[in-house]
Enquirer: 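Quick one: the structure is below, questions incoming.
All heavy atoms count here, side chains included; hydrogens, waters and symmetry mates do not.
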Number of protein chains: 4
Amino acid sequence: MPAEGGTRRKKAVSELKRQLILDAARRVFENEGLEGASLRAIAQEAGYTPAALYFHFDSREALYAELLSQSLEALKASVDRAVSKADSPVDRLRQAALAFFRFYERSPRDLDLGFYLFRGGMTPEGLGRDRDAELNQRLAVTLQPIADAAIELGVEMDQARRLMADTFAHATGLLLLAHTGRIRIFGVAAAELMRNFVDDQIARLTE
Amino acid sequence: MPAEGGTRRKKAVSELKRQLILDAARRVFENEGLEGASLRAIAQEAGYTPAALYFHFDSREALYAELLSQSLEALKASVDRAVSKADSPVDRLRQAALAFFRFYERSPRDLDLGFYLFRGGMTPEGLGRDRDAELNQRLAVTLQPIADAAIELGVEMDQARRLMADTFAHATGLLLLAHTGRIRIFGVAAAELMRNFVDDQIARLTE
Amino acid sequence: MPAEGGTRRKKAVSELKRQLILDAARRVFENEGLEGASLRAIAQEAGYTPAALYFHFDSREALYAELLSQSLEALKASVDRAVSKADSPVDRLRQAALAFFRFYERSPRDLDLGFYLFRGGMTPEGLGRDRDAELNQRLAVTLQPIADAAIELGVEMDQARRLMADTFAHATGLLLLAHTGRIRIFGVAAAELMRNFVDDQIARLTE
Amino acid sequence: MPAEGGTRRKKAVSELKRQLILDAARRVFENEGLEGASLRAIAQEAGYTPAALYFHFDSREALYAELLSQSLEALKASVDRAVSKADSPVDRLRQAALAFFRFYERSPRDLDLGFYLFRGGMTPEGLGRDRDAELNQRLAVTLQPIADAAIELGVEMDQARRLMADTFAHATGLLLLAHTGRIRIFGVAAAELMRNFVDDQIARLTE
DNA sequence: TATGAATGAGTATTCATTCAT
DNA sequence: TATGAATGAATACTCATTCAT
């Protein structure tokens, strides 16, 4: 048992260190942006040598991927929390969509991260099919409450899926616009447009 | 006349070479993506030494900017062409929005290019305020037909601007989804969703 | 004769252009210093293409050499002027030494230029033996009034030559010290030290 | 102890490698001169990739600065050694001045190095005020024995400082002359002139 | 598990010079 | 005489990654 316990403790310590590195990476990302988040910079922020990170992650891309993974986890938690507080299908739909929007509105670097790695999916090899499939899965699961609520409202599966895609698209489009400052061209506020969009969708489903 | 003609011919040749370099840059962009489009790579594709490009462009960023500029020009031409063929405000609105969408649907690298340089606007200094302001201007002008058509339909200025922003956002969001292959998650087609979105907007304005 | 006259005029024009380029080079040197005085920069200041300068000078080094040559000419003129105003051997000696010092005190870039090309003399090939010998000759001629005055005061040739070398060395040493700001370490003024040095030399010769 | 020993040995090895790079840099400096001493060239001479040097030095300028630092250290040691062997104030003054001269007479590249980095002090920002101030400090400390000896001889502080500056100036002036071969113009020997200069100064102080 | 050292490929840009026109 | 275009070599420096210790 003591040996076993030692092993378990070692694993826990290892897990902790991994997380400390990821936290450091997040900080670098937030402060320096995509371009500045080199492995060197992350290692330094974490108090490590670049070489040391390779004991915890296979490559820089793997580290990034894990960062995105955690980001998506946080996103899902955020959406789920909002949904759980709602008490009607309509409200669940609205809250899920708005929680999604707000999550990225508040931490724009997470959006950058998503764009960066999502784009990777286009390349022939991508980040590996497994990783790509996993990202898709996470995304689908996160947005699922929207489809669920729609179905509760009597909508067909097909239509529910469209709603998910539309909501995702509108939110990310508006966030992009807001995030790059371009939205000022139109003299409007992204959050307000998002609310309107969601209300319109609901109106259409329930009319 | 011979002297003049010589000068004129020289200018034309120079202009042509410039364009050949830009074409090479486009190809590199298409094949290698954002990261791979180094000055070296562009020069090689164009059959030049890196140093030679500096005779034609002030810097790598200047070359990129010109690439984007031409892309936006083509976008505007595409939208204008679609609008000119339409014969009613409703049709003009629809065709403008769909032309915008189709342009980027067909040449996804132009979307990347836009994202790349648009993002520059976020940095404190940006690529220079002038360039940033110019990008905004071009975008506003390109989407203007949408607002014009809406106003013809009796909509307030305020609402027309919202419509522009919403259309831009929805289109880019869907394109991002399509472009990265994520849209498959939802089992829907981006183009169809865009058409539906536009139709919904029109229905709302005209009901 | 018209042909001849045309040739002469052509030569004069050519000479003038050469000089305009050299003037431009001086300005660049003064404003940008040694490092900044690239051929490109000089050409631009002169209103030419870099390539055009090659019709007027064999190489960048040749242009620099000519610049130094003119600088030494101006130095000699400055010394000669001072000497011609003096009315005794002692005064000639003093004025020659001080004029030399003041020339470089006032235009430190000329000193830089001298250092730069003088140093070239060390390299195996140098700027070519001819050029090197010419520089030596110019320097000797410029300082000759010091030796002449010393001889007038009854000093041996040998001693007179020592005096020239010492004066040159002390002046350039002080100028270097002044020019790099190091003289502040000692809390003294270069010009005053130079005056003292000259007075000491004179005292020794005449005592 | 073994662990400690390992660390200590590692540090020693590291220090050694650093020094080997500096030695390589010195050689390049001696053979190729200022302009040729690029980071590439130094790395090659040391048997390294350019990138490897960045592990040992922060930048090319930092490497240069360390080279100069070691040179000044050697200079000071040389002067101190000479002074410690002298047994009277007059002798200390003479030996300090001549040791300074001889140091640079024997290794002219050290003089070049000094000129190169000293000149940095002229530029608005310099190599950083710290570095500049440090250079000044080292120089002052090195020449201090001259001032000390003069004060022992009953000279005022003010006059002692002048003597330091004059000695430095005369020595560097003569060295420049000798070093570039110009001194041949005057048919005299730099070392002899330096001895005479020092003797004259001593005569003046003690008469 | 972590480090120090090293690599090799890469970055944009500058330079003096050449040559056809 | 002058230009526009092009070259080839050079610059310092950064990057992700590897490996012996």
Enquirer: Under the rule for salt bridge (charged side-chain N to carboxylate O under 4.0 Å, His left out), what residues qualify as partners of B:Arg40, not counting sequence neighbours?
Expert: none
Enquirer: What pairs with D:Ser14 under side chain to side chain contact (heavy atoms under 4.5 Å, CB included), at least two apart in sequence or on another chain?
Expert: none
Enquirer: Can you list everything that forms a side-chain hydrogen bond (donor to acceptor under 3.5 Å, both in side chains) with C:Ser69? Sequence neighbours excluded, please.
Expert: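 Per chain and number, C:Ser69 pairs via side-chain hydrogen bond (donor to acceptor under 3.5 Å, both in side chains) with C:Arg138.
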Enquirer: Who passes side-chain hydrogen bond (donor to acceptor under 3.5 Å, both in side chains) against D:Thr49, sequence neighbours left out?
Expert: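 Here no residue qualifies.
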Enquirer: Within residues 39-47 of chain C, which residues have any heavy atom lying less than 4.0 Å from an atom of DNA chain E?
Expert: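 Of all residues in residues 39-47 of chain C, the ones placing a heavy atom under 4.0 Å from DNA chain E are C:Leu39, C:Arg40.
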Enquirer: Can you sort out the partners of D:Arg60 under salt bridge (charged side-chain N to carboxylate O under 4.0 Å, His left out), two or more places apart, ordered by chain and number?
Expert: none
Enquirer: Can you tell which of E:dT13, F:dT7, E:dT3 lies closest to the side chain of B:Arg60?
Expert: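 Comparing E:dT13, F:dT7, E:dT3 against the side chain of B:Arg60, the answer is E:dT13.
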Enquirer: Pull out every stem in DNA chain E, meaning runs of 3 or more consecutive Watson-Crick or G-U wobble pairs with both distances under 3.5 Å.
Expert: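 Ordered by first number, the stems with DNA chain E (at least 3 consecutive pairs each) read E:2-21 with F:2-21.
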Enquirer: Pick the closest DNA chain E nucleotide for C:Ala37 and for D:Tyr48 by heavy atoms, then say which residue is nearer the 5' end.
Expert: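 Looking at the nearest nucleotide for each, D:Tyr48 comes out on the 5' side.
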Enquirer: I'd like a table of donor-acceptor pairs (distance under 3.5 Å, sequence neighbours excluded) in which one partner is a side-chain atom from residues 18-34 of chain D, with atom names and distances.
Expert:
from	atom 1	to	atom 2	distance (Å)
D:Arg18	NH1	D:His56	O	2.7
D:Arg18	NH2	D:Glu66	OE1	2.5
D:Arg18	NH2	D:Glu66	OE2	2.7
D:Gln19	OE1	D:Gln70	NE2	2.9
D:Gln19	NE2	D:Asp23	OD1	3.1
D:Gln19	NE2	D:Gln70	OE1	3.2
D:Arg26	NH1	D:Asp110	OD1	3.3
D:Arg26	NH2	D:Asp110	OD1	3.4
D:Arg26	NH2	D:Asp110	OD2	2.8
D:Arg27	NE	D:Glu45	OE2	2.7
D:Arg27	NH2	D:Glu45	OE2	3.0
D:Asn31	ND2	D:Arg27	O	3.3

Enquirer: Going by number, which of residues 12-24 of chain B have a non-hydrogen atom under 4.0 Å from DNA chain E?
Expert: none
Enquirer: Shorter than 3.5 Å, N or O on both sides, protein versus nucleotides 18-21 of chain F: list them out with atom names.
Expert:
none

